[in-house]
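First comes the structure, then the notes that go with it.
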Amino acid sequence: MWLLVGLLVSSMLPEVAFCMTRYYTFNIVQHNVTRLCHTKGLISVNGKFPGPTLVAREGDRVIVKVVNNVKNNITIHWHGVRQLRSGWADGPAYVTQCPIQTGQNYTYNFTITGQKGTLFWHAHISWMRATVYGPMIILPRRNESYPFRKPHKEVPIVFGEWWNADPEAVISQALQTGASPNISDAYTINGLPGPLYNCSSKDTFKLKVKPGKTYMLRLINAAMNDELFFSIANHSLIIVEADAVYVKPFVTNVVLITPGQTTNVLLKTKPYYPNATFLMAARPYFTGQGTFDNSTVAGFLEYEHPSDHSSNEKKMVFKPSLPPINSTSFVANFTKKFRSLNSPKYTSATVPKTVDKQFFFTVGLGTSPCPENTTCQGPNGTKFAASVNNVSFALPTTALLQAYFFKNSNGVYTTDFPSNPTNPFNYTGTPPNKTHVSNGTRLIVLPFNTSVEVVMQDTSILGAESHPLHLHGFNFFVVGEGSGNYNPKKDPASFNLLDPVERNTFGVPSGGWVAIRFLADNPGVWFMHCHFDVHTSWGLRMAWIVLDGLLASQKLPPPPSDLPKC
Ligand SMILES: *[C@@H]1O[C@H](CO)[C@@H](O)[C@H](O)[C@H]1NC(C)=O
Ligand SMILES: *[C@@H]1O[C@H](CO)[C@@H](O)[C@H](O)[C@H]1NC(C)=O
Ligand SMILES: *[C@@H]1O[C@H](CO)[C@@H](O)[C@H](O)[C@H]1NC(C)=O
Ligand SMILES: *[C@@H]1O[C@H](CO)[C@@H](O)[C@H](O)[C@H]1NC(C)=O
Ligand SMILES: *[C@@H]1O[C@H](CO)[C@@H](O)[C@H](O)[C@H]1NC(C)=O
Ligand SMILES: *[C@@H]1O[C@H](CO)[C@@H](O)[C@H](O)[C@H]1NC(C)=O
Ligand SMILES: *[C@@H]1O[C@H](CO)[C@@H](O)[C@H](O)[C@H]1NC(C)=O
Ligand SMILES: *[C@@H]1O[C@H](CO)[C@@H](O)[C@H](O)[C@H]1NC(C)=O
Ligand SMILES: *[C@@H]1O[C@H](CO)[C@@H](O)[C@H](O)[C@H]1NC(C)=O
Ligand SMILES: *[C@@H]1O[C@H](CO)[C@@H](O)[C@H](O)[C@H]1NC(C)=O
Ligand SMILES: *[C@@H]1O[C@H](CO)[C@@H](O)[C@H](O)[C@H]1NC(C)=O
Ligand SMILES: *[C@@H]1O[C@H](CO)[C@@H](O)[C@H](O)[C@H]1NC(C)=O
Ligand SMILES: [Cu+2]
């Protein structure tokens, strides 16, 4: 009897006893920041750039009061957090909430369930996330360890993208003229562009290390429009986690990280003090037709000698080598190395073995006609657009989740998003002559617990390009990927249903396809979009409605009373 009680208590403890509530206040403020000899009033959180690091443990409740002290509308998204039955706290503007307007505040309230590792938070309205972002660290439960030896130190490495101009002006001008937005002036590591830009060497990130230790770098790509190759000269990295899920460890010299992805890597330092400084550098992977910021951000890895005689002495500098800018072959090889740990001790989800609903989505660029009596600077005098299944998704002027919850969908959205392309073509061959997209706020309704498979196919319209697709409210399993056109007869045979990687963001390969699966077990309205903000702005976005289940524990609760109004 006593033994039984003891067993029950100890098996319950990890679930409840160690969880706590973490309170944060995020003041959205503007402060002057100088980079590349250019000072601008930059909007960020609590006057820090990048913003504060949010730390929680798996199982914790997180409560963040966001107070808007700037003239712009704002929302914050907790990127990758599952938001189980807390869709009101997800953050994408006009999808799950109306913006927090000047002088208003809103308290985000959610728990961290079944996730550990690195995620990040960022603004989710227009291009505000260019400067409003910061790391989110989810530690294992107090009584749990990592599936690898505890590192000596853990360091967030956040990649960003810097414009001398106001990013809001950049995107608003582009949407007006129909042209591509002006490219950024620099990439940054933890807000610092580093020595390879003019007037910037004092703004260099330095990682000081001791020999013979293991450091865990929490890599976050918060850049707006660019996938990045990252490498540290003369050091290899061990990848151990992706999007807050552990993976089977593997060694690499170069990491590719798309906007919206996060990954933890272990860095083993050399056993001695080398007389050298090692550059860490990142620059883009790009295959499209347009212009892009082809610059390199760099920081230093420095061995800090305790009695530092040699610090004033000139040291050798080693530079890393990165793959060619358009190395799709490297990217394909690299992304296929990610495998979930697939161990019941460390992962909570399993890949759906059967599928209830199948979708085939084309993702890519297109055009929309130039309004009468205006001139446009997009392709052939049109405006750039982007779409999923040729639908360029229009955001409503109210929030979709509210319209759904209060049954006011009339005039806000329809539920007829196409499950397949309406006009099939050779997606990776010669593009069709008609490139105009259609516009609409069209959604897909999924009954609770539907097992979903989505094949996403890149198109060659205006250039084949990788699109990092991000799904809110779920992790998905990447069961297959390939180049060229997806073949529904042949390709499923090679799907990995054993240990596919579980992520929230994955690059649809340039000129190829990816197949993902997820279980629709989270009621609400969930955004899915390209994490290149330029493509999202052009309409490469859509949303799913996941209906309530029958049980009380399967229903979306009503909104908090302070939910902003439009
Ligand atoms: C910010 O910079 C602007 C112009 O560069 C200047 O007018 C203003 O006083 C600065 N504000 C603060 C708080 O330093
Ligand atoms: C938040 O908004 C409420 C309701 O408008 C207001 O009473 C409160 O003072 C605000 N708090 C802050 C810190 O702005
Ligand atoms: C957060 O949500 C929980 C569960 O709905 C609720 O009990 C709690 O009062 C909320 N806290 C705040 C500060 O809103
Ligand atoms: C990018 O810049 C590098 C030099 O930094 C140059 O060698 C390369 O040709 C450029 N690539 C493109 C596509 O502009
Ligand atoms: C370190 O390297 C620099 C540059 O190669 C050299 O000038 C210096 O003598 C070296 N110092 C030691 C202690 O080896
Ligand atoms: C990459 O770019 C180089 C130089 O522009 C070009 O020669 C090569 O064919 C390209 N490779 C791929 C895979 O597109
Ligand atoms: C990718 O893998 C293939 C097959 O293993 C190999 O032939 C190719 O060289 C690799 N490409 C790169 C860039 O590593
Ligand atoms: C375009 O210009 C023509 C001629 O000036 C005018 O008749 C027409 O009303 C204009 N159309 C719009 C939509 O402004
Ligand atoms: C450009 O647009 C014109 C007029 O809409 C059309 O006739 C022409 O075929 C287009 N050219 C290309 C290359 O798309
Ligand atoms: C599609 O286009 C590609 C590239 O041009 C070509 O290799 C392939 O044969 C085409 N497929 C079909 C079914 O026409
Ligand atoms: C596109 O237009 C060209 C020239 O007008 C024509 O030769 C070609 O057949 C058209 N292609 C398609 C796929 O309709
Ligand atoms: C802010 O959001 C409100 C509500 O959607 C909207 O009416 C207003 O135009 C927005 N303001 C700006 C500056 O975008
Ligand atoms: Cu895209």
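Since this is a predicted model, take the numbers as computed values, not measurements. Every number for a ligand or one of its atoms is a count from 1 in the order of the listing.
For atom 9 (O) of ligand 3, the nearest protein heavy atom lies 4.0 Å or farther away. Atom 2 (O) of ligand 8 is flagged as protein-proximal [any protein heavy atom, distance under 4.0 Å].
When only non-hydrogen protein atoms are considered, atom 4 (C) of ligand 3 lies nearest to Arg61 NH2, 3.6 Å. Given atom 5 (O) of ligand 1, the protein heavy atom at minimum distance is Thr39 CG2, 4.3 Å. Asn32 ND2, 2.9 Å is the protein heavy atom nearest to atom 11 (N) of ligand 1. When only non-hydrogen protein atoms are considered, atom 6 (C) of ligand 8 lies nearest to Asn373 ND2, 4.0 Å.
Of the possible donor and acceptor atoms, none in the side chain of Asp203 sits under 3.5 Å from a partner among the backbone N and O of Leu192. Checked by atom type and distance alone, the side chain of Thr188 never pairs as donor or acceptor with a backbone atom of Pro193 at under 3.5 Å.
Here the side chains of Met224 and Trp163 are in contact, with some heavy-atom distance below 4.5 Å.
Residue Thr107 has no nitrogen or oxygen atom sitting less than 3.5 Å from a nitrogen or oxygen atom of ligand 3, judged on distance alone.
A ring-centre distance under 6.0 Å is not found for Trp544 and Phe474.
The residue among Asn109, Asp562, Ile63 with a heavy atom at the shortest distance from atom 14 (O) of ligand 3 is Asn109.
Electrostatic pairing of Lys65 and Asp562 does not count as a salt bridge here, judged by no charged N lying under 4.0 Å from a carboxylate O.
Residues Asn109 and Thr107 bring no donor and acceptor atom of their side chains to less than 3.5 Å of each other.
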